[in-house]
There are 2 protein chains.
Amino acid sequence: MLPTFSALAEPNRLRIIELLREGPRPVGEIAARLRLRQPQVSKHLRVLSAAGLVEVHPAAQQRIYQLRAAQFQALDDWLAAYRQFKEASYDRLEEHLNVLQAMEKQDGRPD
Amino acid sequence: MLPTFSALAEPNRLRIIELLREGPRPVGEIAARLRLRQPQVSKHLRVLSAAGLVEVHPAAQQRIYQLRAAQFQALDDWLAAYRQFKEASYDRLEEHLNVLQAMEKQDGRPD
DNA sequence: ATAGAATATTCTTGTCAAGGAATATATATT
DNA sequence: AATATATATTCCTTGACAAGAATATTCTAT
């Protein structure tokens with residue numbers, strides 16, 4: 001999941017992703033819409049590809065980029081693990097503290 | 001959403017988040033479990049706080065950090081916009097291309 | 001008040017990655 | 001073959017940021 005977050009952590013890359021939500025687009029279009037230079041767009045798309053967030057389909061000289069559902073699904077799966085905890089377990093904080101202190105006793109500091 | 005992605009793009013911060021999935025933890029615990037130095041953990045937690053991903057609850061000298069549901073919900077909302085497209089609209093690629101070319105004609109290059 | 005424990009902050013240094021500019025590659029058209 | 005169009009790659013410079021080391025801050029206990 002780290003490559004995904006890294007890829008999305010760059011402002012222009014995030015803009016590209018949000019643009020592609022409209023549908024597949026060739027590099028030139030992306031550059032024009034976002035007022036970016038073509039080489040930078042190509043570089044960003046490279047990173048996004050490596051992260052599995054987009055995929056390419058050549059069409060003549062153009063390269064059409066589009067979002068890759070699988071990776072968004074993966075993100076969704078990762079997020080799923082966080083839909084449970086539902087915090088507000090603030091009440092159980094004391095409880096946690098006791099547990100932690102108990103652990104420290106038997107642990108010693110590792111190292 | 002960018003601050004969230006930026007925050008999660010750092011390996012150790014991502015580890016912290018995944019550790020906190022187990023429940024609230026004081027700084028020292030986090031440092032010990034992840035084999036990190038305390039100051040770095042404090043710094044990372046600062047970033048995570050700023051991104052709204054965690055929240056603090058002081059308890060004596062300790063600061064108990066825990067995940068902040070609201071931000072994960074926000075991420076979920078953002079992701080929701082991507083659950084639709086479902087790609088495989090690869091079939092409709094030609095269609096898209098035609099549209100795009102039509103657009104180019106009337107557009108001219110902006111700038 | 002003093003000492004100890006837990007955490008935060010500051011300063012410095014090294015690394016990595018994004019942008020700019022130039023150029024290379026691929027495909028189409030004549 | 002020559003030229004045009006679309007995209008990719010390379011090299012360079014600069015800025016941001018993470019780690020390390022030292023120190024400051026906050027709270028507790030005696």
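Each chain gets a letter, A, B and so on, in the order its sequence line appears, and its residues count up from 1.
Protein atom CG of A/Leu36 is 16 Å distant from nucleotide atom C1' of C/dA21, rounded to whole Å. Protein atom CD of B/Gln40 is 13 Å distant from nucleotide atom P of C/dA8, rounded to whole Å. Atom pair A/Gln62:CD and D/dA4:C1' shows a separation of 14 Å (rounding to whole Å applied). Here the P atom of nucleotide D/dG20 and the CZ atom of B/Arg35 are 14 Å apart, to the nearest Å. Note: CD1 (B/Ile64) to P (C/dA8) measures 11 Å, nearest angstrom. Between the CZ atom of B/Arg25 and the C1' atom of C/dA6 there is a distance of 17 Å, rounded to whole Å. Distance, A/Arg15 CZ to C/dG19 P: 10 Å, rounded to whole Å. Rounded to whole Å, the distance from NE2 on A/His57 to C1' on D/dT7 is 17 Å.
Closest contact between the side chain of A/Pro26 and the listed nucleotides D/dT7, D/dA21, C/dT7 involves D/dT7. When distances run from any side-chain atom of B/Arg13 to the nucleotides D/dG20, D/dA8, D/dA18, the shortest one goes to D/dA18. For A/Asn12, the side-chain atoms get nearest to C/dG19 when compared with the rest of D/dT9, C/dT9, C/dG19. Taking every side-chain heavy atom of B/Tyr65 into account, C/dA8 is the closest of C/dA18, D/dG20, C/dA8. In this structure, of C/dA22, D/dA19, C/dT27, it is C/dA22 that holds the atom nearest to the side chain of A/Pro39.
One finds a salt bridge joining A/Glu22 and A/Arg33 here, because a Lys/Arg side-chain nitrogen approaches an Asp/Glu carboxylate oxygen to under 4.0 Å. In this structure, A/Glu18 does not pair ionically with A/Arg13, as no charged nitrogen and carboxylate oxygen lie closer than 4.0 Å.
In terms of phosphate contacts, A/Arg63 brings no side-chain nitrogen or oxygen within less than 4.0 Å of OP1 or OP2 of C/dA26. The phosphate of D/dC17 has neither OP1 nor OP2 within less than 4.0 Å of any side-chain N or O from B/His44. Not one side-chain nitrogen or oxygen of A/Arg46 sits closer than 4.0 Å to the OP1 or OP2 atom of D/dT7. At C/dG19, none of the side-chain N or O atoms of A/Arg37 fall inside 4.0 Å of OP1 or OP2 (strictly under the cut-off).
With B/Leu20 as the partner, the side-chain contact (heavy atoms from CB on, under 4.5 Å) test is satisfied by one option alone out of B/Leu53, B/Leu48, B/Ile30: B/Ile30.
In this model, no side-chain donor or acceptor of A/Gln38 finds a partner on the base of D/dA6 within 3.5 Å. One cannot find a donor-acceptor pair under 3.5 Å joining the base of D/dA18 and the side-chain atoms of B/Glu10.
Atom CZ of A/Arg35 sits about 13.5 Å away from atom CG of A/Asn12, to the nearest 0.5 Å.
Note: A/Phe5 and A/Trp78 have perpendicular aromatic rings, judged against thresholds of 30 and 60 degrees for the angle between ring planes.
Where B/Gly28 and B/Lys43 meet DNA chain C, the nucleotide closest to each residue was compared, and B/Gly28 sits on the side nearer the 5' end.
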